[in-house]
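Everything numeric here is computed off the predicted structure, so don't read it as measured data. Convention: sequence-line order gives letters A, B, ...; per-chain numbering from 1.
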Number of protein chains: 2
Amino acid sequence: MADEGTREIGRVLETTERSITVLQAVKEMDGATISDLVQELEIAKSTVHAHLSTLQKHGLLAKENNRYHLGLRLFHLGQHVRGDNVKFELAGETVEDLAEMVNENADFTVVENGRLLTIHNSTNPNDPFKSGGYFHMHSTAAGKAILAALPREDVELVIERHGTPEFTEQTITETEELYATLEEVQKRGYAYNDQEAADSLRGVGTVVNNPDGSVFGALSVGGPAYRIQGDLLHEKIPTALRDKAAELEEKIEEYERTNI
Amino acid sequence: MADEGTREIGRVLETTERSITVLQAVKEMDGATISDLVQELEIAKSTVHAHLSTLQKHGLLAKENNRYHLGLRLFHLGQHVRGDNVKFELAGETVEDLAEMVNENADFTVVENGRLLTIHNSTNPNDPFKSGGYFHMHSTAAGKAILAALPREDVELVIERHGTPEFTEQTITETEELYATLEEVQKRGYAYNDQEAADSLRGVGTVVNNPDGSVFGALSVGGPAYRIQGDLLHEKIPTALRDKAAELEEKIEEYERTNI
DNA sequence: AAGAATGTTCGGGTCTCGTGAACGGGTAGT
DNA sequence: ACTACCCGTTCACGAGACCCGAACATTCTT
């Protein structure tokens with residue numbers, strides 16, 4: 001579950017990599033025609049065509065009058081990732097509980113390639129942080145909670161790969177300041193995000209560990225700064241997070257004990 | 001959105017196809033080692049290794065002590081499919097409304113490669129029909145509602161590709177009987193599923209069309225047979241479905257009018 | 001109706017993919 | 001402790017697939 005073995009991989013197939021590049025480009029352009037892709041990727045038209053055809057044949061892309069979009073099979077595969085992972089299911093239940101307890105939006109996130117990926121969130125309809133989105137770690141409560149639990153060298157790797165871009169005036173962009181903050185987080189047991197990712201948004205997050213002590217992910221609660229303050233921010237949410245994180249870790253431990 | 005252009009595709013890249021085959025196998029085996037895959041796919045070990053490395057490098061697969069699983073990037077991509085499609089978002093809202101109206105589980109499904117794919121469902125926690133799953137069309141209310149709206153030749157294609165497997169004693173396995181049922185559905189405006197997919201489960205479904213008249217997907221409501229009966233089954237649910245389907249079609253029409 | 005732009009098909013040269021065999025690491029069993 | 005086995009990883013080479021450019025088909029515009 002941890003982000004293991006990410007460096008130095010054996011042989012790589014260039015054709016498959018190219019197909020993935022095309023897929024990625026279609027995603028980022030929110031649908032594209034062949035000509036769009038030829039311009040964007042600077043690959044011969046016939047080549048792009050072949051990749052698109054192949055991906056379409058398998059449902060990874062869908063074609064709608066000469067525009068290609070991500071295909072529904074990707075949705076199926078994506079749901080499978082989450083649905084067949086008991087630990088994620090348990091985390092989902094915890095998120096729902098947590099959101100109800102504090103009456104604010106809650107979510108569960110994991111690290112993927114040095115960024116935070118939202119696996120579950122309590123979908124108060126129309127909230128901005130839908131599951132499936134990536135976030136930087138240095139500017140979120142969940143991210144800082146996780147970084148504080150990782151060895152220094154892993155933190156360095158994350159920074160090296162994604163930097164510490166500034167999203168608001170509050171964003172921590174200096175690595176020394178970040179390390180200092182992480183030490184505080186470590187002592188406190190949970191992390192704050194005070195309008196560091198977006199203005200007028202606050203959050204609190206705490207790490208969730210695997211039974212073997214490695215990092216599984218993080219639970220966090222967030223919302224508009226005018227609501228997330230005072231007793232709620234400093235007492236109610238941290239307590240709820242602590243309890244629910246401990247509960248989730250227990251559930252995972254029990255599951256692994258009985259099923260492995 | 002409709003299942004267009006599925007037949008006869010230009011050139012196909014064998015390397016990419018092989019990678020997709022490996023991905024698919026990992027999914028179906030719910031995680032696999034290299035040796036598992038060698039045995040299953042009958043491809044040289046070094047070849048499997050190269051494909052796995054490539055897929056892992058891009059996050060499509062994840063490795064956990066020599067076992068490969070579907071990677072989190074697939075989850076990200078899958079969410080993107082649904083999240084960036086306004087029509088799906090609108091359908092999601094409709095599903096929530098619908099579930100609340102009738103106080104039973106509701107869902108929205110589309111056709112993908114001749115099968116039904118669940119895009120949204122009203123997640124009463126722990127229900128069995130999570131989104132992302134495939135179902136046969138001949139044995140579900142939503143599937144029959146859609147088939148009834150398609151030209152005969154498309155229905156034939158679906159049957160040709162996936163057959164009419166028998167899930168319960170009630171499943172319609174004879175094509176002639178299916179065609180007769182579809183005509184009834186057409187006249188009635190909605191379809192029933194009386195324990196045809198699983199014992200003691202009933203459902204009602206209706207088609208949702210695009211503004212141009214093509215099929216977009218289907219709304220359906222289902223639950224245990226002891227609850228889904230009498231007035232609820234024959235009046236309340238059909239009425240709610242009709243209203244909500246019409247409402248959804250209007251929203252889509254309005255969206256396309258203002259945004260295209 | 002003619003032209004422009006875009007999607008699709010086709011053949012050949014080059015580079016990569018697939019393979020079997022050898023290597024290395026870890027585990028179980030004696 | 002040692003060995004034998006199993007599994008994952010690397011390597012070199014020949015066969016064959018991929019990438020490209022150009023020609024063809026199709027759709028939309030002027």
Side-chain angles (χ1 to χ4, degrees), chain A residues 2-26 29-58 60-71 212 260, chain B residues 1-26 29-58 60-71 212 214 260:
Chain A
D3 214 26
E4 71 170 86
T6 309
R7 58 216 81 165
E8 284 328 304
I9 293 188
R11 182 152 41 153
V12 161
L13 304 179
E14 307 203 342
T15 307
T16 297
E17 265 201 323
R18 220 166 238 230
S19 288
I20 295 173
T21 303
V22 170
L23 193 70
Q24 187 75 16
V26 170
M29 300 165 82
D30 277 329
T33 66
I34 293 200
S35 313
D36 293 342
L37 292 164
V38 168
Q39 198 165 12
E40 177 74 20
L41 303 172
E42 294 177 0
I43 302 176
K45 201 160 40 164
S46 55
T47 306
V48 175
H49 184 69
H51 283 275
L52 290 171
S53 297
T54 308
L55 293 168
Q56 187 199 345
K57 178 181 172 192
H58 293 274
L60 270 40
L61 288 179
K63 186 179 178 182
E64 205 172 350
N65 26 274
N66 292 340
R67 286 195 84 77
Y68 289 86
H69 298 268
L70 294 192
D212 66 3
I260 288 182
Chain B
M1 196 67 33
D3 215 27
E4 70 171 88
T6 309
R7 57 216 81 163
E8 282 330 304
I9 294 188
R11 181 141 48 147
V12 160
L13 303 179
E14 307 200 344
T15 307
T16 298
E17 266 201 323
R18 217 169 252 229
S19 288
I20 295 174
T21 303
V22 171
L23 192 70
Q24 187 76 16
V26 170
M29 299 164 83
D30 276 330
T33 66
I34 292 202
S35 313
D36 293 341
L37 291 165
V38 169
Q39 197 165 12
E40 176 74 19
L41 302 173
E42 294 177 358
I43 302 177
K45 199 161 41 163
S46 54
T47 305
V48 174
H49 183 68
H51 284 275
L52 289 171
S53 297
T54 307
L55 293 168
Q56 188 200 345
K57 179 181 172 193
H58 293 274
L60 270 39
L61 289 179
K63 186 178 177 181
E64 204 171 352
N65 20 279
N66 292 339
R67 287 195 83 77
Y68 289 86
H69 298 268
L70 294 193
D212 68 2
S214 65
I260 287 182

Quick check: closest heavy atoms across A/K45 and A/V38, and the distance to 0.1 Å?
CA-CG2, 3.6 Å
Taking every heavy atom of A/S53 against every heavy atom of B/G10, the minimum-distance pair comes out as OG-N, 4.3 Å
Taking for each residue the nucleotide of DNA chain C bearing the nearest heavy atom, is the 5' side occupied by A/L13 or by A/S35?
A/S35
Mapping A/T15 and B/R11 to their closest nucleotides on DNA chain C, which lands nearer the 5' end?
B/R11
[atom1]-[atom2] distance between [X] and [Y], expressed to the nearest 0.5 angstrom:
X	Y	atom1	atom2	value
B/L37	B/Q39	CG	CD	10.0 Å
B/Y68	B/L52	OH	CG	5.0 Å
A/I34	A/S46	CD1	OG	9.5 Å
B/I20	A/T54	CD1	OG1	7.0 Å

Determine whether a donor-acceptor pair (N or O, by modelled atom type, separation under 3.5 Å) exists between the side chain of B/T47 and the backbone of B/I43.
no
Check: A/T33 side chain, A/N66 main-chain N or O, donor-acceptor pair, under 3.5 Å
no
For residues 15-25 of chain A, which residue pairs qualify under side-chain hydrogen bond (donor to acceptor under 3.5 Å, both in side chains), counting only residues two or more places apart or in two chains?
A/T16-B/S19, A/E17-B/K57, A/E17-B/H58, A/S19-A/H51, A/S19-B/T16, A/Q24-A/E28, A/Q24-B/R73
Using five pairs at each end of the helix from C/dA1-D/dT30 to C/dC23-D/dG8 to define an axis, what is the angle between those two axes, to 10°?
50°
Nucleic acid contacts - residues 40-54 of chain A versus DNA chain C, non-hydrogen atoms under 4.0 Å:
A/K45, A/S46, A/H49
Under 4.0 angstrom, heavy atoms only, what part of the nucleic acid is A/V12 near: base, sugar-phosphate, or nothing?
sugar-phosphate
Under 4.0 Å, heavy atoms only, any strand: does A/R18 hit a base, just the sugar-phosphate, or nothing?
sugar-phosphate
Reading DNA chain D from 5' to 3', where do the contacts with chain B start and stop? Cut-off is 4.0 Å to heavy atoms.
D/dC7 to D/dC20
Going by salt bridge (charged side-chain N to carboxylate O under 4.0 Å, His left out), name the pairs with one or both residues in residues 33-43 of chain A, residues two or more places apart or in two chains.
A/D36-A/R67
Walking along DNA chain C from 5' to 3', note the first and the last nucleotide with an atom under 4.0 Å from a heavy atom of chain A, and give both.
C/dT6 to C/dT19
Would you check if B/E64 and B/H69 make a side-chain contact, meaning some heavy-atom pair closer than 4.5 Å?
yes
Take A/L55 and A/L23 through the side chain to side chain contact (heavy atoms under 4.5 Å, CB included) test and state the conclusion after the steps.
CA-CA 8 Å; A/L55 293 168; A/L23 193 70; 4.3 Å; yes
